[in-house]
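Here's the structure, in structure tokens; my notes come after.
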Protein chains: 2
Amino acid sequence: MNVRSYNLCPMARTSGSHSDITGPRLRAAAQRLFARQGYAAVSMRQIAAEVGVQAGALYNYIPDKQGLLFDLMKSHLDDLIAAWQAEAKGQNPLDALECFTRFHIRFHLERPDAVFIAYMELRNLEPENFAVIEDLRKRYETVLEDILRAGKESGVFSLPDTKLATMAVIAMLTGVTTWYRDDGRLSRDRIERIYWNMVRKAVGA
Amino acid sequence: MNVRSYNLCPMARTSGSHSDITGPRLRAAAQRLFARQGYAAVSMRQIAAEVGVQAGALYNYIPDKQGLLFDLMKSHLDDLIAAWQAEAKGQNPLDALECFTRFHIRFHLERPDAVFIAYMELRNLEPENFAVIEDLRKRYETVLEDILRAGKESGVFSLPDTKLATMAVIAMLTGVTTWYRDDGRLSRDRIERIYWNMVRKAVGA
DNA sequence: AGGTTATATGAACGCACGTTCATTTCAATC
DNA sequence: GATTGAAATGAACGTGCGTTCATATAACCT
């Protein structure tokens with residue numbers, strides 16, 4: 001008998017499934033802790049304590065710590081790309097750029113922890129995992145690059161260097177997550193509007 | 001006798017000084033490793049191996065690992081602020097903004113490792129160290145905010161929200177360090193020019 | 001009620017961590 | 001050549017790491 005026998009909230013069981021609510025809770029706890037302290041600084045025992053189990057139990061749901069990080073990052077980027085594909089995209093480059101700007105800010109502000117991890121923990125991925133994530137990130141950047149190129153070619157945007165403008169706009173938009181607070185001075189919609197204004201002017205439209 | 005007796009490059013001695021070339025080498029090695037792998041993922045033994053000494057010897061130069069991180073970050077921000085103060089600042093808000101833009105890009109591209117650490121390792125600082133660093137970072141941001149406010153008040157810039165524009169411009173400029181490569185397509189001067197163009201347009205000037 | 005099986009425990013594994021310290025080394029000085 | 005003292009060694013400290021596994025538990029099925 002041990003102290004955990006007093007656990008008042010035993011896991012629900014769904015018979016035949018090997019993943020009840022502990023799996024999602026593990027991922028949620030890991031996401032929170034990795035974002036706040038960094039992958040390398042968080043121990044499996046810390047995550048387990050947050051979930052309410054012993055460390056060994058986590059390995060019913062993940063292959064290892066690295067696999068956990070990879071899953072979190074891949075899920076985030078898969079979500080990001082899927083969400084963009086489900087978005088109304090605009091009929092012309094200017095509309096498309098506004099859609100992208102607003103979508104990017106909205107999506108990223110809703111998932112600050114996932115965003116933080118995806119940008120900060122790249123160096124903690126093993127090479128093959130890194131390649132997968134990097135490919136997804138690049139695919140998303142290409143969305144913006146294509147919009148900017150189309151706008152440049154049709155004369156709507158004025159850009160000396162499309163690739164550089166892509167990086168500049170992405171950096172500017174993603175930067176929102178570093179200072180935004182839910183109880184802050186500005187609403188998300190107002191932030192979207194102000195950023196869209198700056199982006200529009202920055203690309204010369 | 002041990003294997004290190006074969007070291008062909010014994011440290012210079014300056015008699016009475018307690019800091020020869022090992023001190024700077026320690027800081028340089030730590031900066032490189034922290035930037036590449038992250039503070040928490042780098043061990044003192046790794047740093048020592050890079051310097052060419054045993055781990056124990058490092059403690060002749062630093063109080064502990066945390067103190068090493070703090071010193072690196074504080075030195076970087078002190079350098080940044082001092083360098084800006086030594087810079088020609090421009091006679092009006094538009095000139096000042098161009099000076100700042102070019103200065104920021106130039107300074108950051110010259111110290112990619114220090115920049116990376118200063119932005120990524122904030123969460124690994126103990127609270128009192130964090131407060132010091134955060135204060136310096138804020139002081140630097142205020143430089144840009146003051147320029148933007150002055151320009152807005154004199155009608156040169158068109159900004160719905162000065163604070164937000166400050167964060168957007170800083171994020172955009174600092175983002176250069178995430179993709180810039182020394183052997184890349186664009187020269188630093190060309191990058192400065194293109195970014196200045198985008199910043200100028202973004203603030204409506 | 002008994003058997004099955006998914007899930008959790010808790011101890012253990014070998015290893016690496018940050019840090020300390022008695023001892024050794026060796027260039028500079030006398 | 002002897003003395004000095006800053007600087008480095010290398011072993012040791014206690015701790016915590018990621019991961020494994022035999023065992024225990026409890027919800028489900030028959």
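Residue numbers begin at 1 in each chain, while the letters A, B, ... track the order of the sequences.
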Next item on the list: Send over the distance from B/Asn60 CG to C/dC21 C1', rounded to a whole Å.
Entry: 11 Å

Checklist line | Distance below 4.0 Å between B/Tyr59 side-chain N/O and D/dT9 OP1 or OP2 | finding: no

Item checked: B/Tyr140 ring center within less than 6.0 Å of B/Trp84 ring center -> no

Notebook entry, point to check: For A/Leu68 and D/dG18, what is the distance between atoms CG and P respectively, to the nearest whole Å?
Noted result: 11 Å

Margin query: How many whole angstroms separate atom CD1 of A/Ile47 from atom P of D/dG16?
Written below: 17 Å

Margin query: Does D/dC17 have OP1 or OP2 under 4.0 Å away from a side-chain N or O of A/Tyr39?
Written below: no

Note to self: What's the closest nucleotide to the side chain of A/Met44 if the choices are D/dT19, D/dT9, C/dG18?
What the structure shows: D/dT19

Item checked: Euclidean distance, atom NZ of residue A/Lys65 to atom P of D/dT19 [Å, nearest integer] -> 8 Å

Checklist line | Out of D/dT19, C/dG18, D/dA8, whichever nucleotide has its closest atom nearest the side chain of B/Ala57 | finding: D/dA8

Checklist line | 5'-most by nearest nucleotide on DNA chain C - B/Ile62 or A/Arg45 | finding: A/Arg45

Checklist line | Atom-to-atom span, CG of A/Leu26 to C1' of D/dT19 - whole angstrom | finding: 15 Å

Note to self: Tell me the interatomic distance from A/Arg25, atom CZ, to C/dA8, atom C1', rounded to whole angstroms.
What the structure shows: 13 Å

Notebook entry, point to check: Would A/Glu141 and A/Lys138 pass as an ion pair if we require N to O under 4.0 Å?
Noted result: no

Note to self: With a 4.0 Å limit, can you tell me whether B/Ser43 has a side-chain N or O closer than that to the phosphate oxygens OP1/OP2 of C/dC17?
What the structure shows: yes

Check: Do any side-chain nitrogens or oxygens of B/Thr22 fall under 4.0 Å of OP1 or OP2 in D/dA8?
Finding: yes

Item checked: Residue met sooner reading DNA chain D from 5', once B/Gly56 and A/Ala40 are mapped to nucleotides -> B/Gly56

Item checked: Whether B/Arg200 side chain and B/Leu97 backbone form a donor-acceptor pair below 3.5 Å -> no

Check: With B/Ile47, which of B/Ile62, B/Val53, B/Leu68 fulfils side-chain contact (heavy atoms from CB on, under 4.5 Å)?
Finding: B/Leu68

Margin query: In whole Å, I'd like the distance from the CD atom of A/Gln54 to the P atom of D/dA24.
Written below: 16 Å

Item checked: Gap between atoms CG and P, on B/Leu58 and C/dC17 respectively (whole Å) -> 13 Å

Check: Hey, is B/Asp189 close enough to B/Arg102 for a salt bridge, meaning N to O under 4.0 Å?
Finding: yes

